[in-house]
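In what follows, a single structure is set out as structure tokens and then discussed.
Per chain, numbering begins at 1; letters A, B, ... match sequence-line order.
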Number of protein chains: 2
Amino acid sequence: MVEQKLKAKNRSPGRPPRADTFGNASDLRDSILDHAELAFAVAGFEGANLREIASLAGVNQALIRYYFGSKADLFDECFRRRGGLLAGHRHVNLDRLLEISENPSVEDLVYAYLKPQWDMKYSSPNGAAFVAMQARLHAEPEEHALRLRREVYDASVKRYISALSQVLPQVPKDIISVRMAFLVGAYLFMLNDLGRIGDLTEGHLTSFGKDEMLDQLVRFLAAGLRAPA
Amino acid sequence: MVEQKLKAKNRSPGRPPRADTFGNASDLRDSILDHAELAFAVAGFEGANLREIASLAGVNQALIRYYFGSKADLFDECFRRRGGLLAGHRHVNLDRLLEISENPSVEDLVYAYLKPQWDMKYSSPNGAAFVAMQARLHAEPEEHALRLRREVYDASVKRYISALSQVLPQVPKDIISVRMAFLVGAYLFMLNDLGRIGDLTEGHLTSFGKDEMLDQLVRFLAAGLRAPA
DNA sequence: CTTGTTATTATTCAAATGAATAATTAACAT
DNA sequence: ATGTTAATTATTCATTTGAATAATAACAAG
């Protein structure tokens with residue numbers, strides 16, 4: 001719209017003077033990642049544009065290449081950064097749950113799985129962006145996207161499948177696996193779509209708060225997982 | 001990979017002679033839509049490329065413009081064509097169901113909703129492409145994507161919500177609405193992801209046939225919809 | 001101090017891409 | 001016959017874009 005020049009900071013070339021403000025180890029690198037995350041979220045991989053990312057991050061475009069290599073590499077790094085965090089949280093949650101009791105409820109398990117990403121979404125604009133990024137990634141058929149998802153998430157998903165399988169001995173494990181896929185679909189979609197969901201509820205606008213919405217989702221999914229095979 | 005020239009058919013310019021084979025009203029137009037559908041499915045809106053679509057469809061690139069206008073318009077038309085069909089099938093299925101009985105089972109309703117797209121996916125490569133396209137569209141945050149989805153699907157979704165609400169009087173209607181959103185998420189994701197789902201099932205590869213998989217999904221979702229509020 | 005390495009910018013390159021225009025030919029109406 | 005409209009191609013245009021290179025400054029090591 002506005003004919004903005006989108007020019008990066010007007011710093012002169014060359015290594016910048018060491019900032020004495022402390023604690024800024026590779027500050028720009030992170031800034032790039034943050035803005036890339038946002039860009040990928042709203043525009044998708046193809047739609048995002050390196051010039052704009054660079055400019056918003058306040059760096060020269062070539063710096064992206066310097067740190068990350070290609071656009072695809074940048075995307076991967078974005079994804080790994082938060083994805084790893086997420087997977088980590090899930091592991092921790094499961095550990096805790098199993099510590100407390102050998103047979104947690106299905107609801108507890110589902111909740112433990114969903115909560116980390118839920119929190120991430122509402123923790124910051126970047127958290128929300130990551131959720132969107134992920135939703136898009138799941139819709140992409142490319143082999144590369146698939147590998148990335150697997151790399152980041154497979155281990156934790158498998159652990160949850162095992163745990164669920166133990167809590168639901170009536171349901172064969174391969175059915176649990178399939179249901180876990182349903183679960184992922186429902187929650188990703190939902191998380192990404194929240195806010196638009198109101199449209200379906202005609203007049204009486206859904207006044208669910210986020211927490212209540214999460215509860216609803218957990219209840220729904222737990223019931224599905226429990227369904228007699 | 002191969003340095004293919006991707007050149008369109010070598011027809012001379014000018015209006016083509018009327019084909020006497022009968023029934024080819026605007027043959028090329030359809031060919032464009034078919035190939036666009038495939039392209040959008042694998043590459044997404046931004047990733048798809050008009051030159052390639054034209055070449056695969058065997059037409060000159062300018063013909064796309066002639067028929068559809070811009071790239072965005074082409075996308076919309078793709079979406080409306082099949083989306084309308086789908087929505088239509090859903091309406092018909094619901095009509096039939098309500099004719100037979102005033103209180104169909106939740107399973108029947110869910111099945112009636114899902115089956116048309118399921119069939120579409122397996123009817124042809126283009127049907128599958130449309131499913132993928134749709135999954136991607138749902139992950140896009142753009143206002144435009146949202147409007148399109150609403151235009152094509154809202155009416156039928158609302159009818160199903162009403163029907164479900166009648167069959168499940170214990171569950172408040174706005175909770176049904178929300179659960180319907182979960183349902184859409186789960187089935188879209190699943191439909192698009194089928195085939196990769198096997199990866200989660202460790203050794204014992206999911207030998208679910210497509211029909212059995214649909215049954216599984218219906219059972220899962222019906223249980224979720226029924227869950228006590 | 002000199003020299004090499006790291007982090008950063010300015011500038012250039014080459015390709016891809018959506019859009020637009022002009023040309024051409026068949027069908028159709030009068 | 002003839003002029004108009006419809007359908008199609010060939011060609012050109014302007015911009016965007018990811019990538020690459022060259023220049024520059026700070027810092028670290030000897």
Side-chain angles (χ1 to χ4, degrees), chain A residues 3-21 24-33 35-36 39-40 43-78, chain B residues 1 3-22 24-33 35-36 39-40 43-78:
Chain A
E3 171 59 40
Q4 213 171 350
K5 248 313 179 168
L6 279 189
K7 207 54 168 310
K9 279 198 199 79
N10 205 356
R11 200 175 341 186
S12 32
R15 182 174 191 153
R18 169 182 282 272
D20 41 354
T21 24
N24 72 331
S26 208
D27 220 348
L28 296 184
R29 187 174 188 279
D30 282 333
S31 177
I32 293 173
L33 280 175
H35 287 278
F40 286 132
F45 178 76
E46 307 274 357
N49 149 258
L50 293 182
R51 273 174 175 71
E52 193 177 334
I53 293 174
S55 132
L56 291 173
V59 302
N60 186 280
Q61 196 192 150
L63 196 61
I64 297 184
R65 217 175 112 67
Y66 178 69
Y67 277 128
F68 302 99
S70 73
K71 185 184 185 183
D73 292 333
L74 172 62
F75 182 90
D76 291 1
E77 186 57 27
C78 272
Chain B
M1 195 146 265
E3 169 59 41
Q4 213 170 349
K5 251 309 181 173
L6 280 187
K7 206 55 168 310
K9 278 199 199 79
N10 206 354
R11 198 172 347 183
S12 31
R15 182 173 188 150
R18 169 182 280 275
D20 41 353
T21 24
F22 180 67
N24 72 329
S26 210
D27 218 349
L28 295 184
R29 189 175 188 280
D30 282 335
S31 177
I32 293 173
L33 280 174
H35 286 278
F40 285 132
F45 178 76
E46 307 273 358
N49 150 257
L50 293 182
R51 274 174 174 72
E52 194 176 332
I53 293 174
S55 132
L56 291 172
V59 303
N60 186 281
Q61 197 191 150
L63 196 60
I64 297 183
R65 217 176 111 68
Y66 177 69
Y67 276 127
F68 302 99
S70 72
K71 187 184 183 182
D73 293 332
L74 172 62
F75 182 90
D76 291 2
E77 186 57 27
C78 273

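Following rounding to the nearest Å, B/E46 (CD) and D/dT16 (P) show an atom-to-atom distance of 14 Å. Summarising the geometry, the separation between CD on A/E52 and C1' on D/dT16 is reported as 12 Å, rounded to the nearest angstrom. Rounded to an integer number of Å, the gap from A/R51 CZ to C/dT9 P is 15 Å. For the pair B/R29 CZ and D/dA6 P, the interatomic distance rounds to 15 Å; values are reported in whole Å. Spacing between atom CD1 of A/I64 and atom P of C/dT9 amounts to 11 Å, rounded to whole angstrom units.
Between D/dT16 and A/N49, no contact under 4.0 Å exists linking OP1 or OP2 to a side-chain N or O. OP1 or OP2 of D/dT8 lies within a sub-4.0 Å distance of a side-chain N or O belonging to B/Y67. Checking the phosphate oxygens (OP1, OP2) of D/dT8, no side-chain nitrogen or oxygen of B/Y66 falls inside 4.0 Å.
Distance OH/B/Y67 to CG/B/D30: 9.0 Å, rounded to 0.5 Å. Here the straight-line distance linking atom CZ of A/R51 with atom CD1 of A/I64 works out to 10.5 Å at 0.5 Å rounding. To the nearest 0.5 Å, atom NE2 of residue A/H35 and atom CD1 of residue A/I53 are 10.0 Å apart.
The C1' atoms of five pairs define one axis at each end of the helix from C/dC1-D/dG30 to C/dT30-D/dA1, and these two axes lie 0° apart (to 10°).
Between B/F40 and B/F45, the two ring planes are parallel [angle under 30°; tilted spans 30° to 60°].
Looking at A/D73, its side chain does come within 3.5 Å of a backbone N or O of A/S70 through a donor-acceptor pair. In terms of modelled atom types and a separation under 3.5 Å, the side chain of B/K71 and the main chain of B/A48 share a donor-acceptor contact.
A 4.5 Å side-chain heavy-atom check between B/L74 and B/L50 finds at least one atom pair inside the cut-off. Side chains of B/F68 and B/L33 form a contact here, defined as non-hydrogen atoms less than 4.5 Å apart.
Residues A/S31 and A/A57 approach most closely at OG-O, 3.2 Å, considering heavy atoms. In this structure, A/A43 and B/E46 approach most closely via the heavy-atom pair O-CG, 4.4 Å.
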Letter by letter from the 5' end, nucleotides 20-30 of chain D scores (B base, S sugar-phosphate only, - none; protein heavy atoms under 4.0 Å) BB--BBBSS--
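At the heavy-atom level, B/L50 lies under 4.0 Å from the strands shown only through sugar-phosphate atoms.
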Intermediate values then yes/no, side chain to side chain contact (heavy atoms under 4.5 Å, CB included), B/R29 and B/E77
CA-CA 11 Å; B/R29 189 175 188 280; B/E77 186 57 27; 4.1 Å; yes
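Taking every heavy atom of residues 68-78 of chain A and every atom of DNA chain C, no pair lies under 4.0 Å.
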